[in-house]
**Student:** 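So that we are looking at the same thing, I have put the structure below in structure tokens.
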2 protein chains.
Amino acid sequence: MQSRTPAGRPGRPRSAAADAAILAATRQALVELGWSKLTLQDVATRAGVAKTTLYRRWAGKNELVVDAVAELFDELRLPDRGSLAADIEGVVLQFAALLDRPECRSGLMAVVAESTRDDPLRERIRTSIVERQKRLVLEGRARAAERGELPPEPEDAEEAARTVDLTFDVVAGAVVHRTLVSGKPADEDWVRSFIRVLLLGLAAPS
Amino acid sequence: MQSRTPAGRPGRPRSAAADAAILAATRQALVELGWSKLTLQDVATRAGVAKTTLYRRWAGKNELVVDAVAELFDELRLPDRGSLAADIEGVVLQFAALLDRPECRSGLMAVVAESTRDDPLRERIRTSIVERQKRLVLEGRARAAERGELPPEPEDAEEAARTVDLTFDVVAGAVVHRTLVSGKPADEDWVRSFIRVLLLGLAAPS
DNA sequence: GCCATTACGCTACGGGTCGTAGCGGAAAGC
DNA sequence: GCTTTCCGCTACGACCCGTAGCGTAATGGC
């Protein structure tokens, strides 16, 4: 969050309700207007606060939308379906459903685009969204290692981290590219084909 | 292109030099200013044309940047290095180098973001960039099938198209996610790890 | 209960971009 | 030379940005 009010500070504390109202209003505005037509004045009006209040808490549109979108990703869960393939299928379908929501579609790619010229913003995205969701990969790999479906984690911690990063980039990248660039649905059929490639490789028989 | 002047039309034809100058100026402006601070007035000044000329040819910033970026992707080539893995490595490294150029980084994701609320724009991206570059996957698969590295193309044309789409989404998605979201370089080490997963699957021994 | 301190709503403002309209002149084909 | 289209230029209203200033509201400390 942007406005963790330190405990022992004098004066009137910031309204936590305002925070929630602003982030919800941001998501609603993303749905109705999309990124480019979203204005902070509009968000403030929807949330029932003054525009200046918004500027006191967030530096601008970018930071606001990152926080508004990041909350959505915490809904993701890794189901335990008994096999690695089934677990991945479960979480990937959830991810695809998330990317189907308009507040996510239009917000996520826009802030990523902005982050290419704004290092603090990129860091905010990394810590608020990307790193947080690597928990899914970590848990999935741990379960699969227990079941013997994947080799155990490497001794070398750096090596293990690289593997997790690679897995995350491949899975998230493929789903994002499928839904947002190719513009086709990541439905069950597609997810099954993808998981076959992911687990067995391109050369595997279909 | 946006301004194919029909041959037998009377009157003064549109200046092809202006087209080239505008697209080059757009890329230069993307390098120096990035997407969000890029204005059509600025591009027009750089290109030495009037702002109104720009609006006569492109509907807006989105369409202009798509055309400016699309030209970059036509530079990609599939080298023949003797094996599927080596071929992929060659083209992926070129792709990574492309995504390292600031005019590409800031422009590409921004128009993808806009396209989530603008179907004609999405179609323009698909035809001008995505579909054009599937030639690389097609050629790579054909070579690999000749060499016996991959099973031959399925009889069913739809099935074959799905496989090509999947391969494209996985490869392009992973590289884009690695460079633009995770913000780490897609260098030789990473590309080799990626290709191992792509060809052999996650369960393959490292 | 009073006071210092901070948050909040409101208004107003300069600065910038957008996208369009209208004009006179330039460059092509016939 | 005529028509047709393109081009450069200027000007314009509309909108959004981000900030400043003010009076008021809500806390915690004493």
Side-chain angles (χ1 to χ4, degrees), chain A residues 1-23 25-26 29-30 32-65 106-107 110-111 114 117-118 120-121, chain B residues 1-23 25-26 29-30 32-65 106-107 110-111 114 117-118 120-121:
Chain A
M1 279 309 104
Q2 76 301 336
S3 61
R4 193 78 46 77
T5 309
R9 188 149 98 233
R12 175 179 177 179
R14 289 196 168 165
S15 160
D19 261 24
I22 290 170
L23 291 175
T26 303
L30 276 175
E32 295 178 17
L33 305 173
W35 163 267
S36 57
K37 295 185 180 176
L38 179 149
T39 75
L40 295 194
Q41 177 60 72
D42 185 82
V43 170
T45 306
R46 286 172 194 265
V49 301
K51 187 176 64 161
T52 44
T53 297
L54 229 150
Y55 277 102
R56 287 185 189 107
R57 304 186 184 204
W58 284 275
K61 194 165 151 175
N62 295 336
E63 290 77 6
L64 174 62
V65 171
S106 41
V111 293
E114 292 296 305
R117 302 215 115 230
D118 183 342
L121 182 64
Chain B
M1 280 307 105
Q2 77 300 337
S3 61
R4 194 79 46 79
T5 308
R9 192 151 92 234
R12 176 178 177 178
R14 289 198 168 162
S15 160
D19 262 24
I22 290 171
L23 291 175
T26 303
L30 277 175
E32 296 177 19
L33 305 173
W35 164 267
S36 58
K37 295 186 179 174
L38 179 149
T39 74
L40 295 193
Q41 177 61 73
D42 185 83
V43 170
T45 305
R46 286 173 194 265
V49 302
K51 187 176 64 161
T52 44
T53 297
L54 228 150
Y55 276 101
R56 288 186 189 108
R57 302 187 184 203
W58 283 277
K61 194 165 152 175
N62 295 336
E63 290 76 6
L64 174 61
V65 171
S106 41
V111 293
E114 291 297 306
R117 301 215 115 233
D118 184 342
L121 182 64

**Student:** For every nucleotide of nucleotides 15-26 of chain C, 5' to 3': is a protein heavy atom under 4.0 Å from its base (B), only from its sugar-phosphate (S), or from neither (-)?
**Tutor:** --SSBBB---BB
**Student:** Roughly how many Å is it from CZ in B:R57 to P in D:dG8, rounded to a whole number?
**Tutor:** 8 Å
**Student:** Which residues pass the side chain to side chain donor-acceptor pair (under 3.5 Å) test with B:D118, sequence neighbours left out?
**Tutor:** none
**Student:** Taking only Lys NZ, Arg NE, NH1 and NH2, and the carboxylate oxygens of Asp or Glu, determine whether A:D19 and A:R57 approach each other closer than 4.0 Å.
**Tutor:** yes
**Student:** With sequence neighbours left out, write down each residue that passes side chain to side chain donor-acceptor pair (under 3.5 Å) with B:R56, or none if nothing qualifies.
**Tutor:** none
**Student:** Just the rounded figure in Å: distance from C1' of D:dG18 to CD of A:E63.
**Tutor:** 13 Å
**Student:** Does A:A21 have any side-chain contact (heavy atoms from CB on, under 4.5 Å) partners at least two apart in sequence or in another chain, and if so, which?
**Tutor:** A:A47
**Student:** Mind checking what makes side chain to side chain donor-acceptor pair (under 3.5 Å) contact with B:D42, not counting sequence neighbours?
**Tutor:** B:R46
**Student:** Side chain to side chain contact (heavy atoms under 4.5 Å, CB included) for B:W35 and B:K61? Distances and angles first, verdict last.
**Tutor:** CA-CA 9 Å; B:W35 164 267; B:K61 194 165 152 175; 3.8 Å; yes
**Student:** Does a nitrogen or oxygen in the side chain of B:T53 sit under 4.0 Å from OP1 or OP2 of D:dC7?
**Tutor:** no
**Student:** Please identify each residue that fulfils side chain to side chain donor-acceptor pair (under 3.5 Å) with B:T45, with sequence neighbours left out.
**Tutor:** B:Q41
**Student:** Could you list the residues that satisfy side-chain contact (heavy atoms from CB on, under 4.5 Å) with B:A50, not counting sequence neighbours?
**Tutor:** B:T52, B:T53
**Student:** Report the end-to-end axis angle of the helix from C:dG1-D:dC30 to C:dC30-D:dG1; each axis comes from five terminal pairs, and the value is rounded to 10°.
**Tutor:** 30°
